[in-house]
Participant: 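Submitted below is the structure of interest, expressed as structure tokens.
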Amino acid sequence: PATPDDPPVHDLVDSVEPPALMLTWDEPWLTLKTGCLYDANLAVLCIAGRLEPLPGVEEIERLAVHVLTRMRDDAYPWRLAASQANRILRVGNVPYFGARLTYRVVVAVNKEGS
């Protein structure tokens with residue numbers, strides 16, 4: 001979060017207080033491009049709340065716009081690879097209403113010690 005009004009951002013956790021964003025790796029995690037270069041897929045889960053469809057959709061849209069704007073304006077070249085429509089997301093086996101934005105970034109994987 002850059003301002004007090006920004007939603008909290010979590011790594012993969014087993015519980016969350018919505019509205020919030022959660023970062024996790026998406027499937028496929030890594031895809032070989034060439035030699036030691038891979039595409040890595042980072043998922044940003046936009047978690048609006050506990051199964052409240054009408055206000056939940058508005059909150060998901062607010063969270064998605066926040067993520068899209070922040071990732072677009074970042075100095076690092078994040079590229080939106082996919083977006084998943086509103087659905088039930090489970091965090092710690094608790095159902096939440098949310099959506100997923102997946103970003104693809106090129107990463108280098110070198111041999112150990114090189």
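Heavy-atom basis, side chains included; hydrogens, waters and symmetry copies ignored. These numbers were taken from a predicted model, which means no experiment stands behind them.
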Participant: For Asn86 and Ala99, work out which heavy atoms get closest and say how close.
Facilitator: OD1-CB, 4.0 Å
Participant: Do Val109 and Val106 share a hydrophobic cluster (ILVMFWY, side-chain heavy atoms under 4.5 Å, transitive)?
Facilitator: no
Participant: For residues 9-20, which side-chain N or O atoms pair as donor and acceptor with protein atoms under 3.5 Å away, sequence neighbours left out?
Facilitator:
none

Participant: Mind checking whether Met71 and Leu80 have side chains closer than 4.5 Å, heavy atoms only?
Facilitator: no
Participant: Met22 and Leu89: same hydrophobic cluster, using ILVMFWY side-chain contacts below 4.5 Å?
Facilitator: yes
Participant: Listing request: all salt bridge (Lys or Arg N to Asp or Glu O under 4.0 Å) pairs with a residue in residues 66-92, at least two apart in sequence or in separate chains.
Facilitator: Asp6-Arg70
Participant: In sequence, state the C-alpha distance, the side-chain angles, and the governing distance for Leu68 and Tyr103, and then conclude on side-chain contact (heavy atoms from CB on, under 4.5 Å).
Facilitator: CA-CA 10 Å; Leu68 291 166; Tyr103 286 87; 3.3 Å; yes
Participant: When you compare the side chain of His66 with that of Leu21, does any pair of heavy atoms fall below 4.5 Å?
Facilitator: yes
Participant: Drop me the distance from Tyr96's OH to Ile88's CD1, to the nearest 0.5 angstrom.
Facilitator: 13.0 Å
Participant: Which pair of non-hydrogen atoms, one from Ser83 and one from Leu101, has the smallest distance, and what is that distance?
Facilitator: CB-CD2, 3.7 Å
Participant: Let me have the donor-acceptor pairs involving side chains of residues 23-46, under 3.5 Å, with sequence neighbours excluded, atom names and distances please.
Facilitator:
unit_1 : atom_1 : unit_2 : atom_2 : d
Asp26  : OD1    : Arg100 : NH1    : 3.4
Asp26  : OD2    : Thr102 : OG1    : 2.5
Asn41  : OD1    : Arg104 : NE     : 3.1
Asn41  : ND2    : Pro28  : O      : 2.6

